[in-house]
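Reminder, nothing fancy here: chain letters follow the sequence lines and each chain counts from 1.
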Protein chains: 2
Amino acid sequence: MSTAAATRRGIPDASVARLPGYLRALTALADAGIASVSSEELAGAAGVSSAMLRKDLSHLGSYGVRGVGYDVERLASEIAAALGLTQDWPVAIVGMGNLGRALAAYRGFAERGFRVIALLDRDPRVVGEEVSGRVVRPMTDLATLVRDEGLSVGVIATASDGAQDACDALVAAGIRSVLNFAPVLLSVPEDVAVRTVDLSTELQILAFHGQRNAVAEAVAP
Amino acid sequence: MSTAAATRRGIPDASVARLPGYLRALTALADAGIASVSSEELAGAAGVSSAMLRKDLSHLGSYGVRGVGYDVERLASEIAAALGLTQDWPVAIVGMGNLGRALAAYRGFAERGFRVIALLDRDPRVVGEEVSGRVVRPMTDLATLVRDEGLSVGVIATASDGAQDACDALVAAGIRSVLNFAPVLLSVPEDVAVRTVDLSTELQILAFHGQRNAVAEAVAP
DNA sequence: GCGTGTGAAAATCTTCACAGCG
DNA sequence: CGCTGTGAAGATTTTCACACGC
């Protein structure tokens with residue numbers, strides 16, 4: 001089975017979700033001038049078990065050397081290829097409230113190869129304003145951005161009540177990948193991928209664990 | 001087995017991670033004046049299957065009525081109790097860069113019952129500055145905040161290279177729950193819960209799915 | 001010899017399908 | 001009768017443990 005075939009069919013979702021972590025660890029190793037790494041070391045750097053790391057990598061192909069380990073650069077580029085990072089994924093951020101502005105100023109996107117090519121807002125009073133060196137554009141520009149600039153990822157940073165509208169506009173313009181920061185369930189056609197990041201959800205999960213700790217401590221202090 | 005006992009032992013992690021979604025849907029229903037809901041309806045509103053919803057709820061106890069459904073208010077408060085939201089979880093945000101300021105201005109925390117009681121930064125030039133109506137405090141205030149104000153959750157919004165230091169300071173002050181926005185693996189004692197939200201990771205996962213779609217389309221257009 | 005790659009086993013999570021209760 | 005709660009089946013994910021190849 002060719003690498004491309006392996007990539008095409010099922011890499012398990014759980015595995016895909018960990019690949020960015022491996023890539024991050026490999027990049028750090030490369031920056032530190034380390035050329036080769038064992039599964040044990042890389043797993044430690046990524047916070048997983050070595051068995052899981054090897055199983056995950058086995059879905060991509062066989063890029064290690066038995067008795068030695070992995071070539072850092074090589075493995076990094078194989079993972080990047082599996083994730084589809086060899087191509088460009090231009091990003092637009094919709095909603096120029098506090099969060100949208102913070103995201104617009106965030107340098108991490110560019111560092112990991114995601115170009116933010118547009119900032120948008122539905123409010124005519126915000127459109128035309130300059131944010132982080134870019135002019136905010138109206139939602140009606142979406143179709144053009146997709147057609148002429150290859151826009152392919154939308155980030156929703158609107159308030160909750162505008163999120164579904166923003167999403168519908170992105171989908172209508174042809175975007176298939178949405179990163180949503182609004183605490184709502186977005187409804188989309190099934191060929192559109194949505195990932196929602198909700199701060200309150202994260203805090204509530206932490207509250208659960210905090211509570212659990214407190215109880216465990218009371219039982220066995 | 002009592003409810004408290006059920007809560008104490010294992011609610012599966014996957015189940016815990018969905019409870020906030022149910023709570024959000026229930027709150028929306030309550031706001032819309034709806035008093036009773038079936039598993040089918042609630043599951044739809046939360047984006048899961050009805051079987052999964054019922055299984056998840058069965059871990060909390062038996063709060064539905066056969067042939068009828070669930071009382072919206074009642075179920076919401078049982079879920080809140082299971083998550084530990086009956087108690088207060090005061091939050092501090094560490095790092096007053098772009099993201100920290102956006103989080104400081106975010107209203108969603110308060111809406112879901114998390115009080116932000118302090119903003120901190122390690123940079124003396126930022127300490128003392130006013131952000132969203134609060135004076136930024138130095139890291140050395142952490143111990144006092146934990147002791148006197150019950151601070152229990154730390155949000156790390158620093159740059160990557162300051163994140164582990166910030167985390168160590170939080171842990172040293174006695175905090176057991178950390179929400180991390182820096183793209184690094186934090187190392188903590190095992191009784192500390194960390195959840196990391198990394199925007200680039202999310203985008204990379206979306207890139208994978210986008211690529212997959214593109215391939216699928218090429219194969220079967 | 002050493003560390004990868006991988007079948008097989010174990011654990012976890014999701015779906016099915018229906019008994020049971022209001 | 002209708003919908004919940006739940007054992008059992010099925011799917012997925014993780015861990016184990018060792019054969020294999022440099």
To the nearest angstrom, the CE-C1' distance between A:Met52 and C:dT6 comes to 16 Å
Provide, to the nearest angstrom, the distance between the NZ atom belonging to B:Lys55 and the C1' atom belonging to D:dG7.
7 Å
Heavy-atom check, side chain of B:Tyr70 versus side chain of B:Arg74, under 4.5 Å:
no
Which part of the nucleic acid, if any, lies within contact of A:Ser49, taking any heavy atom under 4.0 Å across all strands shown: a base, the sugar-phosphate backbone alone, or nothing?
sugar-phosphate
B:His59 NE2 to D:dG5 C1': how many Å, rounded?
11 Å
Could you list, one pair per line, each protein nitrogen or oxygen that sits under 3.5 Å from a nitrogen or oxygen of nucleotides 19-22 of chain D, together with the distance?
residue, atom, partner, partner atom, Å
D:dC20, O2, A:Arg66, NH1, 2.8

Going by an N to O cut-off under 4.0 Å, is there a salt bridge joining B:Asp198 and A:Arg112?
yes
Close side-chain approach of A:Val171 to A:Asp168, heavy-atom, < 4.5 Å:
no
Can a donor-acceptor pair be found, under 3.5 Å and without considering hydrogens, that links the side chain of B:Gln204 to the backbone of A:Val16?
no
Any side-chain heavy-atom pair of B:Leu99 and A:Leu103 under 4.5 Å
no
Looking only at side-chain N and O atoms, does A:Ser38 come under 4.0 Å of OP1 or OP2 in C:dG3?
no
Tell me: CZ of B:Arg74 to C1' of D:dT4, nearest whole Å?
14 Å
Nucleotide D:dT14, atom P - distance to CG of A:Leu57 in whole Å:
14 Å
Short side-chain N/O contact from B:Tyr70 to OP1 or OP2 of D:dG5, under 4.0 Å:
yes
Separation of atom OH in B:Tyr63 from atom C1' in D:dC3, rounded to whole Å:
19 Å
A:Ser36 vs A:Asp71, side-chain hydrogen bond (donor to acceptor under 3.5 Å, both in side chains): CA-CA, chis, key distance, verdict:
CA-CA 5 Å; A:Ser36 176; A:Asp71 181 276; over 6 Å; no
Atom CG of B:Asp13 and atom P of C:dA11 are separated, to the nearest Å, by 16 Å
Just how far, in rounded Å, is C1' of D:dG5 from CG of B:Leu53?
12 Å
State whether B:Ser39 places a side-chain N or O below 4.0 Å from either non-bridging phosphate oxygen (OP1 or OP2) of D:dT4.
yes
Just checking B:Glu40: does its CD atom have more than 12 heavy atoms from other residues, nucleotides or ligands closer to it than 6.0 angstrom?
no
With sugar-phosphate meaning primed atoms plus P, OP1 and OP2, does B:Ser50 contact a base, only sugar-phosphate, or nothing at under 4.0 Å between heavy atoms?
nothing
Between C:dG5, C:dC13, D:dT13, which nucleotide gets closest to the side-chain atoms of A:Ser62?
C:dG5
Taking for each residue the nucleotide of DNA chain D with the nearest heavy atom, is it B:Gly69 or A:Arg54 whose nucleotide lies nearer the 5' end?
B:Gly69
